[in-house]
Amino acid sequence: MVYTARWGIVATGSISEHFFIDLLVDPTTRGVIDVVHKPVAVASRSVAKAEKFISDFGNGVQGVKAYGSYADLFADPDVDVVYIGTPHSSHYEVSLQALKAGKHVLCEKAFTINAAQARHLADYAKSHNLFLMEAVWTRFFPLALEFQKLLHEDKVIGAIRRVTTDLAHKFVPDVDSRLYNPLLGGGALLDVGVYAMTWIQMICYQHPDNKKSRPSIINSTVLKTPLTGVDESTVITMVWDKPHIISTATCSIAVNSPEECLVRVQGDLGEIVVPISTARPTEFIVKINATAEGELDDVQTHKFPIPGPTGLFWEADAVARDIRDGKIVDDIYPVEESVFVMEVFDEVRRQNDFVYPAAIEFVEKE
Ligand SMILES: NC(=O)C1=CN([C@@H]2O[C@H](COP(=O)(O)OP(=O)(O)OC[C@H]3O[C@@H](n4cnc5c(N)ncnc54)[C@H](OP(=O)(O)O)[C@@H]3O)[C@@H](O)[C@H]2O)C=CC1
Ligand SMILES: O=C1OC[C@@H](O)[C@H](O)[C@H]1O
């Protein structure tokens, strides 16, 4: 039997629109026959915005309810799972509110502002038997799953020794934008750094020999923007003892990534590179060495076209299956990993005296 996930969409910004559009794509066009998605409600801080968001889709969307507060959507018994597309600063508060109303939650990246908030959400969801996941959509791309299989099961490049990852987008500096405003959790780390980090997680944290251990060394450098003091560019170097890998993740909101290579994984038999983009990759290239000196023997490009507008539907499929199966933690992107990322980011901010306003760093007392 086909399972229908009934979604409530929270916030009417850019990514909510992309997510909504992807929910409307017929799952069979990507070979999915066991789950379907039904958006049933949209909430905004203004009911007029929620109504406009829905009406902009025209006749293709029928019977979706518009709410003028997030709390009203959380109280709707027709909503199984809530998608949260607010700025970073409110992920903790809004997710907690949804969980307290008994809803399963898929919350956009970055999961929270700090690790204490992430830990609280994870603990709350677990103790109330509710599903919770950070919406790192890239992890659910068939490309990402094949990439990890080739690296960790087939070991096509042998023992991995060095990894570099990047995501950088040149955004127009604007004190009020969510990218630059500290009160909205602005900065490169939480916006694009999440993607540079997620490839490190796939390669190093999830390395079979790592056994989900923390890196033994975390070194970082932050260049703050003079405009608002959030991080404009950040570099994080980590050492992973058991698999014996050094990794460097870089991110920036001041420049764009180079197109040709955003992820480079180097092993003793060759390397894999992922060209633009680390958020929405469509191919990777495997280069195998013939000689120890690095002379190339074989180069293969693995292409993974995205069968739809954005590619957010794969994470939605995974969430639907988890909820159908009564799972509260996803296997591909367990919430514990989001807590780990926030711990790394806390350490990076500590090393670089990078603090957010107290108003968004808070953790609710039970
Ligand atoms: N997965 C992906 O590929 C992407 C993920 N993201 C993530 O999605 C989230 C939102 O990003 P994006 O859609 O670009 O942001 P937008 O600014 O376009 O939208 C954010 C929405 O959040 C709501 N909101 C609630 N509180 C505030 C506030 N204090 N200030 C401004 N808006 C607020 C608003 O909706 P309303 O008024 O209706 O309540 C607003 O429209 C971020 O966490 C970001 O990192 C962003 C882009 C791509
Ligand atoms: O999540 C995201 O993915 C792609 C980027 O363009 C964007 O800034 C970011 O929020």
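All ligand and atom numbering here is 1-based and tracks the order in the structure. As the structure is a computational prediction, the values presented were derived from the model and not from experiment.
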Below 3.5 Å only, please: the N or O atoms of ligand 2 paired with protein N or O atoms, distance on each line.
{"from": "ligand 2", "atom 1": "1 (O)", "to": "K109", "atom 2": "NZ", "distance (Å)": "2.8"}
{"from": "ligand 2", "atom 1": "1 (O)", "to": "Y195", "atom 2": "OH", "distance (Å)": "2.6"}
{"from": "ligand 2", "atom 1": "3 (O)", "to": "Y195", "atom 2": "OH", "distance (Å)": "3.2"}
{"from": "ligand 2", "atom 1": "6 (O)", "to": "H169", "atom 2": "ND1", "distance (Å)": "2.9"}
{"from": "ligand 2", "atom 1": "8 (O)", "to": "D191", "atom 2": "OD2", "distance (Å)": "2.7"}
{"from": "ligand 2", "atom 1": "10 (O)", "to": "K109", "atom 2": "NZ", "distance (Å)": "2.9"}
{"from": "ligand 2", "atom 1": "10 (O)", "to": "R178", "atom 2": "NH2", "distance (Å)": "3.2"}
{"from": "ligand 2", "atom 1": "10 (O)", "to": "D191", "atom 2": "OD1", "distance (Å)": "2.7"}
{"from": "ligand 2", "atom 1": "10 (O)", "to": "D191", "atom 2": "OD2", "distance (Å)": "3.4"}

Can you find a non-hydrogen atom of Y195 under 4.0 Å from ligand 1? yes

Heavy-atom closest pair (V40 atom, R6 atom, distance to 0.1 Å) is CG1-CB, 4.0 Å

Review item, side-chain donor-acceptor pairs of residues 237-246, under 3.5 Å, at least two apart:
{"from": "W240", "atom 1": "NE1", "to": "S247", "atom 2": "OG", "distance (Å)": "3.0"}
{"from": "D241", "atom 1": "OD1", "to": "S216", "atom 2": "OG", "distance (Å)": "2.8"}
{"from": "D241", "atom 1": "OD2", "to": "S216", "atom 2": "OG", "distance (Å)": "3.2"}

Using a strict cut-off of 4.0 Å, indicate which atoms of ligand 1 neighbour a heavy atom of H91. 43 (O)

Heavy-atom contact under 4.0 Å between A279 and ligand 1? no

What do you reckon, does G13 have a nitrogen or oxygen under 3.5 Å from a nitrogen or oxygen of ligand 1? yes

Taking C-beta and beyond as the side chain, do V192 and C251 meet within less than 4.5 Å on heavy atoms? yes

Does F53 have a heavy atom less than 4.0 Å from any atom of ligand 1? no

Assign the ring pair H207 / H152 to parallel, tilted or perpendicular, where the plane angle (0 to 90°) is split at 30° and 60°. perpendicular

I want to confirm something. Looking only at heavy atoms, which of V136, I15, T310 is nearest to atom 8 (O) of ligand 1? I15

Which atoms of ligand 1 have any heavy atom of T12 under 4.0 Å away? 35 (O), 36 (P), 38 (O), 41 (O)

For the CG atom on D353, are there more than 12 heavy atoms of other groups (residues, nucleotides or ligands in this structure) within a distance under 6.0 Å? no

Distance from atom 22 (O) of ligand 1 to nearest protein heavy atom, with residue and atom: P87 CD, 3.3 Å

Please enumerate all residues that pass side-chain contact (heavy atoms from CB on, under 4.5 Å) together with D154, with sequence neighbours excluded. K149, L150, V156

Ligand-residue contact atoms, ligand 1 with D191, heavy atoms, under 4.0 Å: 45 (O)

Using 30° and 60° as the class boundaries, would you call the ring planes of W137 and F141 parallel, tilted or perpendicular? perpendicular

S90-ligand 1 polar pair, N/O distance under 3.5 Å: no

Would the number of heavy atoms belonging to other residues, nucleotides or ligands and lying under 6.0 Å from NZ of K38 be above 12? no

Neighbour count >12 (heavy atoms, 6.0 Å) for atom CZ, R162: no

Here the pair of heavy atoms bringing H169 nearest to L167 is NE2-CD1, 4.2 Å

Give the atoms of ligand 1, by number and element, whose distance to some non-hydrogen atom of L184 is under 4.0 Å. 28 (C), 29 (N), 30 (N)

Assess the residue pair R161 and Q266 against the criterion (side-chain contact (heavy atoms from CB on, under 4.5 Å)); give the C-alpha distance rounded to whole Å, side-chain angles, the decisive distance to 0.1 Å, and a yes or no. CA-CA 6 Å; R161 290 292 167 248; Q266 295 177 292; 5.7 Å; no

Please list the nearest protein heavy atom to atom 25 (C) of ligand 1 with its residue and the distance rounded to 0.1 Å. Y70 OH, 3.2 Å

List ligand 1 atoms under 4.0 Å from S44, heavy atoms only on the residue side. 36 (P), 37 (O), 38 (O), 39 (O)

Would you say ligand 1 has an N or O under 3.5 Å from any N or O of A11? no

Would you tell me which option among R178, K109, E315 has the nearest heavy-atom contact to atom 47 (C) of ligand 1? R178

What is the ring orientation for Y205 with F340, classed by angle as parallel under 30°, tilted 30 to 60°, or perpendicular over 60°? parallel

Please identify each residue that fulfils side-chain contact (heavy atoms from CB on, under 4.5 Å) with Q206, with sequence neighbours left out. R139, Q148, E337

Among all protein heavy atoms, pick out the one at the shortest distance from atom 5 (C) of ligand 1; state its residue, atom name and that distance to 0.1 Å. E108 OE1, 3.1 Å

Among H120, K100, Q117, find the one that has a side chain to side chain donor-acceptor pair (under 3.5 Å) with E364. K100

